Asks: 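Got a structure for you, written out below as structure tokens; questions coming shortly.
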Amino acid sequence: WVDHEVVTKYKLPEIVLEASTTTTSIESLQEITTGDELRVLDGANMVERTAGTVTTTGEVVSFAPLSKGTNITLSNSNLRADKDGADGYTEANVYSSLQITAGDVYIEITATASAEGSGATIIGISEVNTNQSILLGNLADEYSYLDTGLKRTNATSVAYGASYTTGDIIGVRYNHSSGALTFYKNGVSQGVAYTLTPETDVYVGVTQYFTTNAVTANFGATAFAHPVSGTVALGLVYQAPITATSLPSTKAYFNKTID
């Protein structure tokens, strides 16, 4: 992967591709054809993605407007979520626009406005993105870190880590291969909170209780405040094989190993 780099243009029906091929042994370049296994790096956002498999990976990951409660308002390119309406946990959840389906993923969520020790802000992951009836962590397939320092799943809260409040940055690290979920407070690991069944797909989720609550997410579009070695941002993880027939009808950049 490090000895040579060759850049060549190929043409498929209605698609012009710029293929950047890096390998330790290059004897000849092969044209990209139907059935080839490729990894695509979006030229506009520099986000590695699998076109045709995950429909949102060509975009910067954000909170999903279609996966939020009616008491949540999104702004700042859907990266900030404010709690509106009445206080309470109903219709108060919001989820990431993309699932974690591979990799050792890390993202950060800042408690833009919170209330320490009240359970007003709850950050975690969920296997579904449709629960709007109760706080994140009440279902068996939800796993969360409360601002009180407790962790919660299946409606049971137990002691876990430090409390957090306005201005604190909570890191969420989920290793899809091992199922390990770890939370960080301002760059300090709080330890493994839960271990899910390996290769469980999840969304990042947030619950907010008070109308004064707000959070701001960084899914990797900008540099993390407290990067964690060995992890990747949510938008950079999708490296599964794709086929030429599923490519988008836009210019893209491809990494392809030549045997």
Side-chain angles (χ1 to χ4, degrees), residues 39-42 45-51 53-64 67-68 77-81 93-111 121-129 136-137 141-145 151-153 160-161 164 168-207 215-242 255:
R39 288 182 294 180
V40 56
L41 185 65
D42 182 277
N45 297 316
M46 299 304 289
V47 173
E48 196 160 356
R49 61 172 179 165
T50 53
T53 301
V54 183
T55 58
T56 57
T57 47
E59 305 170 3
V60 174
V61 182
S62 66
F63 288 127
S67 299
K68 72 174 187 68
S77 299
N78 294 330
L79 294 175
R80 175 170 170 143
N93 296 339
V94 63
Y95 300 91
S96 59
S97 61
L98 199 63
Q99 274 185 306
I100 300 174
T101 62
D104 190 355
V105 175
Y106 177 78
I107 65 99
E108 291 180 341
I109 296 178
T110 300
T121 302
I122 302 169
I123 298 169
I125 61 174
S126 174
E127 295 177 37
V128 298
N129 63 349
L136 189 71
D141 54 7
E142 299 174 339
Y143 309 85
S144 62
Y145 176 26
K151 64 179 182 179
R152 185 176 181 86
T153 187
Y160 170 58
Y164 58 90
D168 287 330
I169 298 174
I170 302 304
V172 182
R173 179 180 186 175
Y174 176 66
N175 189 315
H176 186 266
S177 296
S178 69
L181 171 63
T182 304
F183 294 100
Y184 295 74
K185 176 186 175 181
N186 299 328
V188 178
S189 173
Q190 305 299 296
V192 174
Y194 297 102
T195 301
L196 286 65
T197 301
E199 301 186 346
T200 297
D201 298 343
V202 298
Y203 295 91
V204 177
V206 178
T207 300
V215 297
T216 302
N218 181 3
F219 293 101
T222 59
F224 290 123
H226 306 286
V228 175
S229 177
T231 64
V232 293
L234 180 53
L236 299 177
V237 69
Y238 295 95
Q239 301 175 3
I242 61 174
N255 261 331

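In this text the structure is predicted, and so the values were computed from the model without any measurement.
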Asks: Does Ser178 reach the side chain of Pro198, with side-chain heavy atoms less than 4.5 Å apart?
Replies: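 No. Closest side-chain heavy atoms not under 4.5 Å.
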Asks: Heavy atoms only: give me the nearest Ala111-Val215 pair and the separation to one decimal.
Replies: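 In terms of heavy atoms, the two residues are closest at CA-CG1, 4.4 Å.
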Asks: Indicate yes or no: at least one non-hydrogen side-chain atom of Thr231 is less than 4.5 angstrom from one of Val105.
Replies: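 Side-chain contact under 4.5 Å: no.
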Asks: Would the Phe63 and Tyr95 ring centres measure less than 6.0 Å apart?
Replies: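 No.
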Asks: To the nearest 0.5 Å, tell me how far Glu127 CD sits from Thr197 OG1.
Replies: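 Reported to 0.5 Å precision, the distance equals 7.5 Å.
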Asks: Going by ring pair (Phe, Tyr, Trp, His ring centres under 6.0 Å), name the residues that satisfy it together with Tyr174, two or more places apart in sequence or in a different chain.
Replies: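 For Tyr174 there are no ring pair (Phe, Tyr, Trp, His ring centres under 6.0 Å) partners, ignoring immediate neighbours.
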Asks: Not counting sequence neighbours, list each pair that qualifies as a side-chain hydrogen bond (donor to acceptor under 3.5 Å, both in side chains) and has a residue in residues 215-226.
Replies: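 Output for this query lists Thr112-Thr216, Asn218-Thr222.
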Asks: Are the side chain of Glu108 and the backbone N or O of Phe219 linked by a donor-acceptor pair below 3.5 Å?
Replies: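 No: the side chain of Glu108 does not pair with the backbone of Phe219.
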Asks: Looking at every non-hydrogen atom in both residues, tell me the closest pair between Thr182 and Gly191 and how far apart they are.
Replies: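 So the minimum-distance heavy-atom pair works out to CG2-O, 3.4 Å.
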Asks: Where is the tightest heavy-atom contact between Ser144 and Gly137, given as atom of each residue plus distance?
Replies: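 Minimum heavy-atom contact is OG-CA, 3.7 Å.
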Asks: Please enumerate all residues that pass ring pair (Phe, Tyr, Trp, His ring centres under 6.0 Å) together with Tyr203, with sequence neighbours excluded.
Replies: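 Tyr203 satisfies ring pair (Phe, Tyr, Trp, His ring centres under 6.0 Å) with no other residue.
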Asks: Check the pair Val172 / Ile123 against side chain to side chain contact (heavy atoms under 4.5 Å, CB included), numbers first and verdict last.
Replies: CA-CA 8 Å; Val172 182; Ile123 298 169; 3.7 Å; yes
Asks: Could you give the distance from CD (Glu199) to CG (Asn175), rounded to the nearest 0.5 Å?
Replies: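 Separation between the atoms: 10.0 Å.
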Asks: Using atom types as modelled and distance alone, determine if a side-chain donor or acceptor of Asn186 lies under 3.5 Å from a backbone N or O of Ile169.
Replies: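 Side chain of Asn186 to backbone of Ile169, a donor-acceptor pair under 3.5 Å: yes, one is there.
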Asks: Which atom pair, heavy atoms only, marks the closest approach of Leu136 to Val206?
Replies: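 In this case the closest contact between Leu136 and Val206 is CD2-N, 4.2 Å.
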Asks: Name the residue from Phe183, Tyr184, Tyr194 that meets the ring pair (Phe, Tyr, Trp, His ring centres under 6.0 Å) definition with Tyr145.
Replies: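 Option passing the ring pair (Phe, Tyr, Trp, His ring centres under 6.0 Å) with Tyr145: Phe183.
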Asks: Would a distance-only check, ignoring hydrogens and angles, find a side-chain to backbone donor-acceptor pair under 3.5 Å from Tyr164 to Thr121?
Replies: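 The answer is yes, because a donor-acceptor pair under 3.5 Å joins these two groups.
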Asks: The test is side chain to side chain contact (heavy atoms under 4.5 Å, CB included); show your working for His176 and Asp201 and say whether it passes.
Replies: CA-CA 7 Å; His176 186 266; Asp201 298 343; 2.7 Å; yes
Asks: Nearest heavy-atom pair of Asp104 and Arg173: which atoms, and what distance?
Replies: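 That closest heavy-atom pairing would be OD2-NH2, 2.7 Å.
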Asks: Give a yes or no on whether the backbone of Leu79 and the side-chain of Ser77 come within a donor-acceptor separation of less than 3.5 Å.
Replies: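 It does not hold such a pair.
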Asks: On a heavy-atom basis, which atom in Gly220 and which in Ala233 lie closest, and how many Å separate them?
Replies: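 What the structure gives for the nearest pair is CA-CB, 3.5 Å.
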Asks: Set out, in order, the CA-CA distance, both residues' side-chain angles and the distance that settles side chain to side chain contact (heavy atoms under 4.5 Å, CB included) for Ile125 and Leu181, then state yes or no.
Replies: CA-CA 9 Å; Ile125 61 174; Leu181 171 63; 3.8 Å; yes
Asks: Where the side chain of Ser67 meets the backbone of Ala64, is there a donor-acceptor pair that is under 3.5 Å apart?
Replies: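 Looks like no, no N/O pair under 3.5 Å.
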Asks: Quick check for you: to the nearest 0.5 Å, what is the distance between Leu234 atom CG and Ile107 atom CD1?
Replies: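 Going from CG on Leu234 over to CD1 on Ile107, the span is 8.0 Å.
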Asks: To the nearest 0.5 Å, tell me how far Asn78 CG sits from Ser96 OG.
Replies: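 Spacing of CG (Asn78) from OG (Ser96) equals 12.5 Å.
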Asks: Would you find a donor on one side and an acceptor on the other, under 3.5 Å apart, between the side chain of Lys151 and the backbone of Ala193?
Replies: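 Flag set: sc Lys151 to bb Ala193 pair under 3.5 Å.
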